[in-house]
Each structure stands twice: as C-alpha cells, then as structure tokens.
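Working notes, beginning with the structure itself.
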Amino acid sequence: MRKPLIVGNWKMNGSLDDNKALLDGFKAGIGNVKVAEVAVCAPYIYIPDVAEQLTGTPIAWGGQNMSIEAKGAFTGEISTAMLLDFSCKYVIIGHSERRTLYGEDDALVAQKFAVAHKAGLIPILCIGETLDEREKAVTEEVVARQIKAVIDEVGIASLGDGVIAYEPVWAIGTGKTASPDQAQDVHAFIRGQLAAHDKAVADKIRIQYGGSMNAGNAKELLAMQDIDGGLIGGASLKVEDFLAICTAAG
Ligand code: PEP
C-alpha cells in the first residue's frame, strides 16, 4: 500500500509574513489529514525559517532545486549539504520550469537525481510532455526517455528510493488539468516502464500527479489506482485549498 504524498511547490512566491500565515494555517489543519504525508518546497532563502516553523510537526520540507556540485565557485548555486543543514527531506528535480527556462536536459536532471540520492535527500523527479508533444501523440516516448535517463544514471533500485511527479507541462499553472483517465493512463505507463526493470520498485514507488490540481479536482485524481499524491503549485499557496487536497488524499 503506497502512502499518498502531497507536496507544495511554492516556486518563487512568499515573504516572511505570508509564509508564517500559510504555515500557521497548515499547522492548524494538519490534524485532519489522516493518511497522506505532506511537505512544502520553499524558495531557498526561506528554508531556515520554514524549518524552524515546521520542526515538531508532521509536515516535512524541501528544496525546489540543487546543484550537482559539492562546493566552490558556483555563484548562485545551493548544494545538497546546504539543504541537509536545514533538515530538508525532499528536493524537486527537473521541474518543467527548470527544464524549459533554465535549459536543464535529461542528462543534467539524471545527475541531479544521483547527487541528491547519494546525499540522502529524497528526489522528486518531475517528468511530463509539452502540449506539442501530447498533440503529436508522443507522450509515452517522452516520459519513457525521461525515466530511462535516470535509470541509466543511477539504476532502478536508486530510482525506487525517490518519488516521480508526472506533470504534463500543458497543465502546469494553466488551470487545465489532465482528466483522471488521461493522468491514470500515463501513470500506469510509467509504472509499467519501471516494472520492466523491477516489479517491486514499480509497486513501491510513489507517482504523484502535478498540473493545476486543486481542491475541486483532487479527490477524483487521487482516487485513480496509480496516482499516489500530488505536486501542487498554485493551490499550495492557499491554506484551505492545500489542506483540502491533503485531506482528499486520505
Ligand atoms: C507545479 O509547479 O509543479 C505545479 C503543478 O503547478 P500548478 O499546480 O500551479 O499547476
């Protein structure tokens, strides 16, 4: 039985005051979340403050990105050791905004997965097709390629220690959600790809859905057999919406 995992991706949003109000709200409501594991991935600079506010609560935290380098002359970068200094549990890897806006390719994403895993962080590997790719009916080829890059780099067992987030790029921040059946089809395909290497890993790994999941559509999506949680952008910045998604997961 896979425990659902709901992760808020704050992206480049927040302020000390806004974060406090948000986290106060989450802490007040988290007692109603009976089944799901919950985490928030904050902008780097707020992670120490988030850690302070969430220590001792059931809510974990993480980074939205990281460097493959350990230390040195890499201006603007953050290492896994720095994330671990502030007790991050998760790190998002290969978000489509990183891939599209910052040129992260499959090879770099796979290296990031390897470095995060080796350091003891739980990588949340984002994969998914663009609108153009969906219209060309190459969704399965795209996600298969993205998964293969990581398996080739770290091996199937290490991939199994992470989390996959299937995020159709056309659904991220657009208000267009994949239908439960559309999402389930791709999730089942992803699990099948993993099962071809190792059935136990395929059965164990959590595959989140991400892309305009909200309080209104979460229950239906999360009810699908191969959807094991959500990576939530916009709705993770609203107390009631995020908590509603967390409780919809159980
Ligand atoms: C995301 O940033 O991973 C995401 C799914 O965003 P949104 O929920 O806003 O579509």
Side-chain angles (χ1 to χ4, degrees), residues 4-14 18-19 22 26 36-44 46-47 50 59-66 88-102 104 109 112-113 116 121-131 133-134 139 142-143 146-147 162-180 182-184 186-187 190 206-222 224 226-249:
L5 172 65
I6 306 293
V7 177
N9 173 16
W10 291 0
K11 311 194 188 196
M12 197 175 74
N13 291 295
D18 289 350
N19 301 350
L22 198 56
F26 293 169
E37 277 176 32
V38 177
V40 295
C41 290
Y44 292 138
Y46 293 129
I47 289 175
V50 167
I59 307 172
W61 57 93
Q64 300 173 8
N65 182 31
M66 41 150 285
C88 286
K89 181 170 180 183
Y90 297 98
V91 62
I92 298 172
I93 300 287
H95 190 279
S96 69
E97 286 149 21
R98 301 292 323 167
R99 292 181 190 257
T100 325
L101 302 174
Y102 301 98
E104 295 192 9
V109 171
K112 287 192 176 194
F113 190 103
L121 289 158
I122 300 177
I124 299 174
L125 170 69
C126 298
I127 59 175
E129 81 286 3
T130 62
L131 182 59
E133 289 163 341
R134 176 155 283 261
T139 296
V142 170
V143 297
Q146 291 170 327
I147 294 167
V163 172
I164 292 178
Y166 167 59
E167 300 209 297
V169 180
W170 49 271
I172 297 178
T174 58
K176 284 187 205 152
T177 316
S179 70
Q182 270 178 325
Q184 167 60 26
V186 183
H187 280 237
I190 293 167
R206 290 180 292 189
I207 307 177
Q208 301 175 303
Y209 169 79
S212 299
M213 194 188 272
N214 59 41
N217 59 29
K219 204 170 178 73
E220 263 192 318
L221 284 160
L222 293 167
M224 303 309 283
D226 289 294
I227 301 185
D228 310 314
L231 183 56
I232 318 296
S236 73
L237 299 171
K238 298 176 199 137
V239 172
E240 279 180 17
D241 292 22
F242 189 62
L243 286 173
I245 295 169
C246 295
T247 44

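Read the numbers this way: they start at 1 and go in the same order the structure lists the ligands and their atoms.
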Under 4.0 Å from a heavy atom of [X]: which atoms of ligand 1 are those, numbered in the order shown and with their elements?
X: G173; answer: 7 (P), 9 (O), 10 (O)
X: G211; answer: 5 (C), 10 (O)
X: L231; answer: 3 (O), 5 (C)
X: A171; answer: 10 (O)
X: N9; answer: 1 (C), 2 (O), 3 (O)
X: S212; answer: 7 (P), 8 (O), 10 (O)

## Note on the structure
The closest protein heavy-atom partner of atom 1 (C) of ligand 1 is H95 NE2, 3.2 Å
### Task
If you have a sec, work out which protein heavy atom is nearest atom 9 (O) of ligand 1 and how many Å separate them, to one decimal?
G234 N, 2.9 Å
### Task
Could you tell me whether the side chain of Q208 and the main chain of L5 form a donor-acceptor pair under 3.5 Å?
yes
### Query
Does S212 offer a backbone N or O that forms a donor-acceptor pair with the side chain of T177 under 3.5 Å?
yes
#### Entry: Nearest option to atom 6 (O) of ligand 1, as decided by whichever heavy atom of A235, P168, G233 sits closest
G233
### Query
With respect to atom 3 (O) of ligand 1, which of Q64, E167, E97, K176 exhibits the smallest heavy-atom separation?
E167
### Task
Could you pull out all residues at least two apart from E97 that satisfy salt bridge (Lys or Arg N to Asp or Glu O under 4.0 Å)?
K11
### Query
Got more than 12 heavy atoms from elsewhere within 6.0 Å of CD, E220?
no
### Task
Consider ligand 1: state whether an atom of it lies below 4.0 angstrom from any non-hydrogen atom of C126.
no
### Query
With a 4.5 Å heavy-atom cut-off, do W10 and N19 have their side chains touching?
yes
### Task
State, without any angle test, whether W170 and E129 hold a side-chain donor-acceptor pair at a distance under 3.5 Å.
yes
### Task
Over 60° means perpendicular and under 30° means parallel, so classify the ring planes of F26 and F242, tilted if in between.
tilted
### Task
Check whether any N or O atom of K11, backbone or side chain, sits under 3.5 Å from an N or O atom of ligand 1, and answer yes or no.
yes
### Query
How many angstroms lie between CG in L231 and CD1 in I6, if you round to the nearest 0.5 Å?
9.5 Å
